[in-house]
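Letters go in sequence order (proteins before strands), and every chain restarts at 1.
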Protein chains: 2
Amino acid sequence: MFKKAKQSRVFQDVVEQIQDAIINGKLSPGTKLPPERELKDRFNTSRGTLREALRVLEQKGLIEIKLGVSGGAIVKRIDAEPVVESLALLIRSGGVSLEHLAEFRIKIEGSLVELAATRATKKDIKALEALFNQAKACYKKNDWGNFLKIDEKMHTYIGTMTRNPVFQFVQKSIHDNIHPYYEEYLPMNKKRTLENLTDFEKIIDAMKVNDAKAASAIIMDHVKRFSDKMQEKINRSN
Amino acid sequence: MFKKAKQSRVFQDVVEQIQDAIINGKLSPGTKLPPERELKDRFNTSRGTLREALRVLEQKGLIEIKLGVSGGAIVKRIDAEPVVESLALLIRSGGVSLEHLAEFRIKIEGSLVELAATRATKKDIKALEALFNQAKACYKKNDWGNFLKIDEKMHTYIGTMTRNPVFQFVQKSIHDNIHPYYEEYLPMNKKRTLENLTDFEKIIDAMKVNDAKAASAIIMDHVKRFSDKMQEKINRSN
DNA sequence: CTATTCTAATGGTTAAACCATTCGATAATC
DNA sequence: GATTATCGAATGGTTTAACCATTAGAATAG
């Protein structure tokens, strides 16, 4: 019924005032706040208390601090970074196993690719084909490091094709947390890289003929196959 | 290639050390950190700097502070609150629309219910039926407030049936952000409550006969129908 | 004109003190 | 003896004043 009453902490009041000003557009991205020594007078508080407020605002992703003369607190454009960070923290310390992550990833990538395929434009297909060709070149040169980077770019690009930021930042949070496992347990080699490449070609082909369900099925199978392989490796190494 | 070099801010180092200890389980939920005056000596820093670190940890949802004697920083059980809060900021600033949220919710609830149905035990079905009967009683008494609470409990319970915390975290993050809009634009009435109730009965029935795909389809249709109604209301009110 | 050095503005840190809240011990009261 | 009131100490919250570290731009040297 009721929310916890406002705690009587001065720095929280400062946080609220500045946050509201940013959300209401009274402070636009790029705007520089006055220096600490001036702000503290405006809010009629001490520098220590003001700085605690700035730390909170910084952590919320609302401002960033620059050093030196003409430095200070600058209003940031609000982006998904705090969501990604807090979701990542939840995953890392919330009793989440690799199996949990993989299971979720199969579903979310399936939904995401289906939506992306539905909304794919010719420009999107061309962009994906360009990335695919870069990946193919890496495959031929046995350049696994760059292959993985381009692979990630393809995933990210497909994320943008959904035109829905929620899918994008959930995808990023999962990817950021699952990637270290891949690096450790499933290093790329010629065979795996080719398998990866083939799957992506199939996805692009399905998108070309507007077969969203097929594209979705391929990515889900792809993620599942690689997750299973990794799980197998981990089980054997234990 | 490279990440931005670690800024030379003492409080960030303190944050990292405490955060790592929490993530690694060296500090369990409920553990009380030493008082500020002792911590500052342990980290060989000043109280002001230490307190800036505590503000960041507090904002990350890792600790909470209690006042008075035997007060201090207590390690929190990790939950979705920081994700909910940062997502709410993103929504309020216009980075994410209600349509984005609804579109994502349809997919995630679909996946979640499918998985839950696959793993449903007889005990789960009984628990859902008990909740369903409570909801039915509220319906008969025209008690919309409690109906909504039980409705949320049913969703949450189905989340636990996935046995996968990632689904539960994401479900809660989305739900908590979409709920206020439902309250504002789609107040419950006899007709809507019955529709809601009927959908849930169908889902339980599908789970009873182990038809996960059907359960998934019903919840997706359910979420879509209610989202569309709300969007319509919002459009008309603008 | 370029390169170097200096200067001052600004965030980062420290120290010491005092205020405010809370819990438990002690005392007063019934 | 049980209950209530009072008090004291531990702990977070705030303030002040000073100094350190970084940086942009001005002044200076070549």
By nearest-heavy-atom nucleotide on DNA chain D, the more 5' of A:Arg37 and A:Gly68 is A:Arg37

Roughly, in whole Å, what's the span from CD in B:Glu38 to C1' in D:dA10?
13 Å

Taking donor-acceptor contacts at under 3.5 Å, does the side chain of B:Arg51 reach the base of D:dG12?
no

Do A:His100 and B:Phe169 have ring centres separated by under 6.0 Å?
no

With DNA chain C as reference, determine whether A:Val69 or A:Arg47 sits nearer its 5' end, using the nearest nucleotide of each.
A:Val69

Provide, to the nearest angstrom, the distance between the CD atom belonging to B:Gln12 and the P atom belonging to C:dG12.
9 Å

Rounded to whole Å, how long is the line connecting atom CZ of A:Phe43 with atom P of D:dT14?
14 Å

Once you round it to whole Å, what is the distance between P of D:dT14 and NZ of A:Lys40?
16 Å

Is there a side-chain contact between B:Arg55 and the phosphate of D:dG13, meaning an N or O under 4.0 Å from OP1 or OP2?
yes

For the side chain of B:Ser46, counting heavy atoms from C-beta on, which of D:dT16, C:dT13, D:dG13 is nearest?
C:dT13

Between atom CZ of A:Phe104 and atom CD1 of A:Ile178, what is the distance when rounded to the nearest 0.5 Å?
11.0 Å

Regarding the side chain of A:Leu67, the nearest nucleotide among D:dT14, C:dT21, D:dT23 is D:dT23

Is there a side-chain contact between A:Thr45 and the phosphate of D:dT15, meaning an N or O under 4.0 Å from OP1 or OP2?
yes

My understanding is that only one of A:Met154, A:Lys153, A:Glu152 makes a side chain to side chain contact (heavy atoms under 4.5 Å, CB included) with A:Thr156; could you say which?
A:Glu152

For the pair made of CD in A:Glu36 and C1' in D:dT16, what is the distance, rounded to whole Å?
15 Å

Does the D:dG12 base have a donor-acceptor partner in the side chain of A:Arg9 within less than 3.5 Å?
no

Rounded distance (Å) that lies between atom P of C:dG11 and atom CZ of B:Phe11
13 Å

Which is it for A:Arg55 and A:Glu58 under the salt bridge (Lys or Arg N to Asp or Glu O under 4.0 Å) test, yes or no, and what are the steps along the way?
CA-CA 5 Å; A:Arg55 290 295 81 72; A:Glu58 198 179 19; 3.0 Å; yes

What do you reckon, are the aromatic ring centroids of B:Tyr139 and B:Phe147 less than 6.0 Å apart?
no

Send over the distance from A:Ile65 CD1 to D:dT23 C1', rounded to a whole Å.
15 Å

Closest listed nucleotide, where the reference is the side chain of B:Ser70 and the choices are C:dC23, D:dG13, D:dT16
C:dC23

Which whole-number value in Å describes the distance from A:Glu52 CD to D:dG13 P?
7 Å

Taking 4.0 Å as the cut-off, does a side-chain nitrogen or oxygen of B:Thr49 come that near to OP1 or OP2 on C:dT14?
yes

